[in-house]
Structure formats: structure tokens, C-alpha cells
Amino acid sequence: MIDLTPDISNVAVVRHGVLGLTFTDGLIGELDVLDRMRGPVFAQARTPSGLAEGTVDAETGTIVWPGGADLAPDTLYERVRTGVWPDQAAAA
């Protein structure tokens, strides 16, 4: 059996760079995502007005912005769940 990451069901801007996320399994948390928004596809989304344009795509279950920018829901879920980005080593 494959464990699937719960979809994001709601997103809200808490303050610039910080998103409040709700997942379909009830997990709720806030994340500073600006460091995760890399490359030219995120240029508009990184601005205060651009960040506010993020919405949940019902088909992919993640946050998307105009122009095709998105963030991986599994990475966001693990960060909210554990407090650590999946590609970072946990503090010893």
C-alpha cells in the first residue's frame, strides 16, 4: 500500500511569506515559504500581492499561483507535521 500525502484543503496568507495551511486529514500549521519559492517562476508569487494570489488546486491538492508556480504538498505536509523540511537533517 502506498501512503499518499493528504491534500491541502485551505491556504491563507498570515503575513508576507507565511502561509496558513489546512490539510484534508485535519493537520493545520503555518509555514514561512519564501525560501522555498526559488527561480523565475516564483518572481511574482514572492511579492506581497503575488503571494496572496495563491489558491488550492483541487486536482493536485497543492497551492498554485498564476504563471504555473506551485509547491510540493508532500514537502509542505512534512514541514508542518515534523517542524523540519524533508531535505534538512534533523537537529541531533
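All heavy atoms count here, side chains included; hydrogens, waters and symmetry mates do not.
His16 contributes no side-chain N or O that, together with a main-chain N or O of Leu51, makes up a donor-acceptor pair within less than 3.5 Å. Between the side chain of Arg79 and the backbone N or O of Pro86 there is no donor-acceptor pair closer than 3.5 Å.
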Q: Go through Leu21 and Ile63 one step at a time and tell me if the side chain to side chain contact (heavy atoms under 4.5 Å, CB included) criterion holds.
A: CA-CA 9 Å; Leu21 303 176; Ile63 311 161; 3.4 Å; yes
(Q) Set out, in order, the CA-CA distance, both residues' side-chain angles and the distance that settles side chain to side chain contact (heavy atoms under 4.5 Å, CB included) for Leu71 and Arg36, then state yes or no. (A) CA-CA 8 Å; Leu71 292 170; Arg36 294 286 162 169; 4.2 Å; yes
Q: Before giving the answer on side chain to side chain contact (heavy atoms under 4.5 Å, CB included), spell out for Thr75 and Asp87 the whole-Å C-alpha distance, their side-chain angles and the decisive distance to 0.1 Å.
A: CA-CA 9 Å; Thr75 300; Asp87 60 350; 6.0 Å; no
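Val80 and Leu76 fall within the same hydrophobic cluster, defined by Ile, Leu, Val, Met, Phe, Trp and Tyr side-chain heavy atoms under 4.5 Å apart, directly or through other members. Hydrophobic clustering of Ile, Leu, Val, Met, Phe, Trp and Tyr side chains at less than 4.5 Å, counting indirect connections, unites Val13 with Phe42. Both Val33 and Val56 belong to a common hydrophobic cluster when Ile, Leu, Val, Met, Phe, Trp and Tyr are linked at side-chain heavy-atom distances under 4.5 angstrom.
Closest heavy-atom contact between Gly68 and Val41: C-CG2, 4.0 Å. Between Phe23 and Ile8, the shortest heavy-atom distance links the atoms CE2-CG1, 3.4 Å. Nearest heavy atom pair, residue Gly61 against residue Pro73, reads O-CB, 3.8 Å. The two atoms that bring Trp85 and Leu31 nearest to each other are CH2-CD1, 4.2 Å, heavy atoms only. When all heavy atoms of Arg38 and Asp35 are compared, the pair lying nearest together is NE-O, 3.1 Å. Listed here is the closest heavy atom pair of Glu53 and Trp65: C-CD1, 3.8 Å.
Put simply, CE on Met37 and OG1 on Thr47 are 8.5 Å apart, with the number rounded to the nearest 0.5 Å. Considering OG1 of Thr22 and CG of Leu27, their distance stands at 8.5 Å, rounded to 0.5 Å. Atom CG in Asp7 sits 7.5 Å away from atom OG1 in Thr60 (nearest 0.5 Å).
We find that Asp25 and Arg81 are not joined by a salt bridge, their nearest charged nitrogen and carboxylate oxygen being 4.0 Å or further apart.
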